[in-house]
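First listed ligand is number 1; within each ligand, the first listed atom is number 1. Computed from a predicted model, the values in this text were never measured in an experiment.
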Amino acid sequence: MAIYKAAISAVGGYVPETKLTNFDLEKMVDTNNEWIISRTGIKERRILKEPGKASSFMAVNAAKEALKKNGTDPLDIEVVICATVTPDMRFPDTANTIAKELGATNAWGFDLGAACSGFLFGLTTGCRFIESGAYKKILVIGVDMMSSIIDYEDRSTCILFGDGAGCVLLERSEDDNGFVDADLHGDGNGAQYLNMRGGGSLLPTSAETVKNKDHYVFQDGRPVFKAAVSGMKTATNTILDRNNMTKEEIDWVVPHQANMRIINTLTDFLEIPKEKVMVNIDRYGNTTAATLPLCLWDYEKQLKKGDKLIFTAFGGGFTWGSIYLTWAYDSN
Ligand code: ACO
């Protein structure tokens, strides 16, 4: 039972300056701009190239912007949730590094996996923490430096992913706006289609795992595509049904940016005008845990207090779900 209502009170984002275009990729693997655009909708993605910089660097930049926007002192942050599959190191958690770099020395935090659904799971967790009354100010970050786990000789994956970070500040809502409902799922049977086998306790890094390229993302695209479409549709339907909402009532859809064809299928299913669907896949590609907050970052100025937002994502695991919340402030 919620004691308080949780709401997003600020958004921040960061993408590296370096662009990797489809034309760059044409020179690296057997692919072409037309194929990539028609099959995925991606034109370019950002790559973090600065030596010594990793996921925490992007996350800290995104978090600093969110804190600055509404004048929050880092010392008031109580929890940092960092959704990522590309932490700086296996341990300590990147959330700890982020808190240190921000000067959020009163915060505890943790990393959360769930691949492309990481931000969805993190946002739900953060909102539930606020609702319980245990915490008042939480940073939820989605960050991935996918370039660190991508094989740039594998055309089936290297064209898809990019680097970036997005962050939201969660606080107790001042009115009735904020987090309403989440429908989240997982199915371990999906592991065979989308994974990174090497470097865990099952297959610790060795000369053999490196030779076999087990330290890179593996994806069997077609089954993932089918499961993504059906998972995101079903979860969104559940959210609409459970909240007695019609499709017409949705002001914004915030979909995971994995493939423009998946986003279009979802748009058609929801019978929603394209202008109401947040899209930035053309510029950033799939930034895994960062896609949803980066969408908010890009569209923030268009959001109005009371707007009804549906978030939906699908990722490795398999993991998927949808969230319904109402926007808590006039962003412009
Ligand atoms: N350039 C040119 N041709 C290519 C490329 C490329 N980059 N990649 C594959 N092809 C070829 C294939 O070899 C194949 O050729 P063939 O017919 O001669 O065998 C053909 O194009 C079609 O390949 P498919 O893999 O069937 O292409 P598809 O239309 O399925 O698109 C894609 C591939 C983009 C990966 C798609 O399946 C997809 O988006 N899947 C879902 C991704 C997703 O949602 N992931 C979840 C989140 S990611 C995460 O959690 C980390």
Distance-only donor-acceptor check, side chains [X] and [Y], under 3.5 Å:
X    : Y    : answer
N177 : T326 : yes
D241 : T238 : no
T84  : D144 : yes
D183 : H185 : yes
E78  : W108 : no
T21  : D24  : yes
Y216 : E153 : no

Going by the order shown, which atoms of ligand 1 are within less than 4.0 Å of some heavy atom of [X]?
X    : result
T40  : 34 (C)
A115 : 50 (O)
G315 : 50 (O)
N286 : 47 (C), 48 (S)
T31  : 1 (N), 2 (C), 6 (C), 7 (N)
L194 : 46 (C), 48 (S), 49 (C), 50 (O)
A258 : 43 (C), 44 (O)
N259 : 34 (C), 36 (C), 38 (C), 39 (O)

I'd like to check whether G316 has a polar contact with ligand 1, where a contact means an N/O of the residue lying under 3.5 Å from an N/O of the ligand. yes
Which residue and atom name correspond to the protein heavy atom nearest [atom], and how close is it?
atom                    : result
atom 51 (C) of ligand 1 : C116 SG, 3.6 Å
atom 12 (C) of ligand 1 : R155 NH2, 3.9 Å
atom 29 (O) of ligand 1 : R39 NH2, 2.7 Å
atom 27 (O) of ligand 1 : W35 CZ2, 4.0 Å
atom 40 (N) of ligand 1 : G221 O, 3.2 Å
atom 43 (C) of ligand 1 : V224 CG1, 3.6 Å

Applying a heavy-atom cut-off of 4.0 Å, say which part of I262 lies close to ligand 1: side chain, backbone, both or neither. side chain
Counting heavy atoms only, which part of I159 comes closer than 4.0 Å to ligand 1: side chain, backbone, both or neither? side chain
Do you see a protein non-hydrogen atom under 4.0 Å from [atom]?
atom                    : value
atom 31 (O) of ligand 1 : yes
atom 16 (P) of ligand 1 : no
atom 19 (O) of ligand 1 : no

How close do S322 and T312 get, counting heavy atoms only, and between which atoms? OG-OG1, 3.0 Å
Shortest non-hydrogen pair, K274 vs N264, comes out as NZ-OD1, 4.0 Å
Is V15 reachable from L48 through a run of I, L, V, M, F, W or Y residues, each pair having side-chain heavy atoms under 4.5 Å apart? no
Aromatic F218 / basic R197 pairing, under 6.0 angstrom, 45° off normal: yes
Counting only heavy atoms from other residues, nucleotides and ligands, does the tally under 6.0 Å from CG of L202 exceed 12? no
Hey, what do you get for OG1 (T319) to CZ (F121), rounding to the nearest 0.5 Å? 5.0 Å
Look at atom 22 (C) of ligand 1 and find which of Q257, K226, H256, R222 reaches it with the closest heavy atom. R222
Among E26, R261, M146, Q219, which one puts a heavy atom closest to atom 42 (C) of ligand 1? Q219
